[in-house]
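Counting convention: from 1, in listed order, for ligands and their atoms alike.
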Amino acid sequence: MSACASVRPRFSHRYFWGECEHRFGAVSLLLTIATFWDPAAIAARNAIAQLRAGVATVDITDREAGPVNDPLYVKALVLECGGAHAVLVTVDAVAVGQIGTIPNDYLDNVRTRVKRQLGIAPAGVMINASHCHGVVCPEIEDRTVRAIARAAADLVPVTVGVGHGHENRIMENRRLKLNDGREADVRHAYSLPPDEEVAEVGPVDPEIGVLRLDRQDGRPLAVVYNFACHPIQGVPSGGNTADMTGFASRVIQDNLGQGAVALFLQGCGGDINPVMYKDVHHPRDAEPLGNLLGLSTLAAVREIETREDNRLAVRGVTIELPRADWAPRIIALEARQKRLLDSLRGTHLNLKSFVPLYVKYQVSGKYPSYDSHRYLLDEARGRDDFSRLDAANRRNIEQYIRNIHTMERMTRINTNLALLRKHQRQNLAAPQRTIDVELLALRVGDFVLTTFPGELTVRIGLRIKESSPHEHTFVAGYTNGYIYYAPTTEQLQNAGGAQEDSDCLLAPHWQQIYEDKVAELLRGL
Ligand SMILES: [Zn+2]
């Protein structure tokens with residue numbers, strides 16, 4: 001059995017201190033640090049330490065909120081080695097506070113209660129929201145604590161393994177690079193730009209990060225899988241749903257059987273959508289997408305050979321990220337909005353006359369207004385009445401379409417401008433020009449995870465994985481809080497053009513500050 005030397009939640013005092021003093025009390029943090037850093041205590045643990053794990057699932061579906069398509073869950077994985085703990089919680093919810101129905105004090109309350117009931121250090125508790133848009137019940141806090149308590153009461157020795165799955169059929173990068181260099185995104189809130197303006201699509205991350213924990217007799221206890229995609233496809237019934245990741249977890253659990261629990265960790269899915277997100281010809285259905293994700297995860301799970309490994313470490317830091325000043329961008333967008341408004345021209349047509357006319361001119365490019373012989377008859381008489389009518393109609397159609405495209409552009413600007421104004425108000429009302437953001441890094445055997453409380457876009461996850469010193473590094477956004485979207489510095493040059501760069505509190509230079517700190521966290525893990 002290998003040494004358990006890294007079993008110690010560690011925190012950067014400089015940053016984490018203020019948070020802990022506020023949240024948990026200075027004394028408890030001091031005791032926590034003293035306990036984890038006591039060399040004698042660590043040495044004693046090394047002699048006997050064995051990694052143990054427990055897992056539990058509790059239903060959190062709000063059954064008062066309307067029809068239910070499939071249940072939502074909170075799942076807890078408690079890991080313990082030599083008296084030190086890490087708790088990984090996943091919730092089928094849009095976010096941990098701020099948006100959706102989970103209250104802002106949820107994380108602090110859960111941590112405080114877990115500390116009181118189970119003696120587990122607050123910063124060792126991480127809660128990831130799948131970002132599905134299902135409705136959770138008002139008792140979410142109680143049920144989360146219950147799940148953690150049940151998991152903690154059920155610890156068994158485990159073996160550990162890590163794997164990588166692959167899935168690229170179910171998602172797309174929702175930001176579209178346009179010919180003019182701007183970017184637009186695929187949303188229900190507004191229409192897509194015309195096809196001829198779209199130049200290219202962005203990357204996805206097809207990797208599924210998998211942590212497998214087996215009981216000592218080889219039966220699987222838990223599978224933690226990390227993947228980047230908004231689970232927002234919905235279901236044909238329109239009922240409450242955990243969406244594609246709920247279906248994926250069910251596929252994994254049904255196939256593994258024996259009580260194994262699959263916990264989904266949302267990754268850097270800020271700009272990743274399900275494919276066919278705007279389909280209007282077929283009922284949109286998360287289930288087949290989730291089934292594909294579940295099967296791809298299972299393929300990776302089956303490749304993993306677990307072994308005894310008692311390396312368990314949690315490291316936390318709270319950093320300050322700069323808030324944006326969106327005022328110049330808001331002024332520029334308002335000017336653009338005015339220019340577009342002024343560009344609307346009077347049209348001969350209205351919707352009622354435009355639609356049939358447009359269809360007619362699409363069906364027959366050469367003879368739209370009548371059968372061809374009528375045109376030939378005109379020609380024989382030396383007249384061009386129909387051709388002149390067609391030319392006038394085509395001009396009117398084009399003018400009407402120009403107005404429609406201007407209107408579509410304005411819907412995008414109006415929606416994104418509203419987001420920028422909202423976050424400008426929030427930033428102006430904030431007592432500081434920075435936002436405190438809690439980052440965690442977790443090691444379980446060879447599995448390394450770092451977390452962020454917001455919607456990281458996929459390039460950031462790809463960069464962190466690429467530059468990590470650890471082979472099996474994964475990134476979970478949507479964890480331990482929610483500060484809206486966190487796109488790259490480059491994407492923020494497009495502010496006002498797409499949701500990720502408009503639904504954002506952060507100044508463009510936040511990315512380097514964050515990535516430097518993550519690198520430091522990962523190096524120290
Ligand atoms: Zn989102």
Side-chain angles (χ1 to χ4, degrees), residues 72 90-102 104 127-136 170-176 183-190 192 201-205 226-234 240-246 248 264-278 284 286 289-290 293 321 324 412 415-416 418-420 422-423 426 435 437 451-462 475-488 491-492 494-506 510-511 514:
L72 282 57
T90 61
V91 284
D92 292 324
V94 67
V96 180
Q98 297 302 332
I99 59 171
T101 55
I102 293 185
N104 289 346
I127 305 183
N128 175 273
S130 75
H131 201 49
C132 76
H133 287 23
V135 186
V136 304
I170 63 172
M171 74 295 199
E172 63 185 19
N173 192 305
R174 72 188 192 187
R175 291 174 71 91
L176 310 173
E183 290 187 326
D185 60 332
V186 182
R187 287 195 70 189
H188 288 161
Y190 37 68
L192 285 169
V201 294
V204 295
D205 180 358
N226 170 239
F227 185 70
C229 181
H230 269 66
I232 54 172
Q233 189 74 331
N240 202 0
T241 177
D243 214 274
M244 53 199 280
T245 51
F264 171 71
L265 277 179
Q266 182 57 261
C268 299
D271 50 0
I272 305 299
N273 263 3
V275 286
M276 307 298 285
Y277 179 62
K278 280 175 78 80
R284 290 187 301 121
L289 303 180
L293 177 60
L321 293 178
R412 293 194 288 275
T415 306
N416 290 327
L419 290 170
L420 282 179
K422 172 182 147 186
H423 293 309
Q426 283 176 298
I435 313 173
V437 167
T451 74
F452 181 87
E455 305 200 36
L456 295 169
T457 53
V458 74
R459 284 182 175 86
I460 294 172
L462 291 168
V475 188
Y478 308 85
T479 305
N480 290 353
Y482 184 77
I483 62 154
Y484 300 88
Y485 284 82
T488 64
Q491 287 171 330
L492 281 169
N494 187 66
Q499 181 177 14
E500 304 81 38
D501 49 64
S502 308
D503 201 359
C504 178
L505 294 164
L506 299 169
W510 78 277
Q511 187 187 357
Y514 163 65

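- Judged by distance alone, with hydrogens and angles left aside, the side-chain atoms of Asn128 form a donor-acceptor pair with the main-chain N or O of Gln266 at under 3.5 Å.
- Between Phe452 and Trp510, the angle of the ring planes lies from 30° to 60°, which puts this pair in the tilted group.
- In terms of the side chain to side chain donor-acceptor pair (under 3.5 Å) criterion, residue partners of Asn494 (sequence neighbours excluded) are, by chain and number, Asp501.
- The aromatic rings of His131 and Tyr482 lie parallel to each other, their planes meeting at an angle below 30°, with 60° marking the opposite boundary.
- A distance below 6.0 Å separates the ring centres of His188 and Tyr277.
- Counting only protein N, O or S atoms, the number found under 2.8 Å from the Zn ion (ligand 1) is 5.
- Taking the six-membered ring for Trp and the full ring otherwise, the centers of Phe227 and Phe264 sit at least 6.0 Å from each other.
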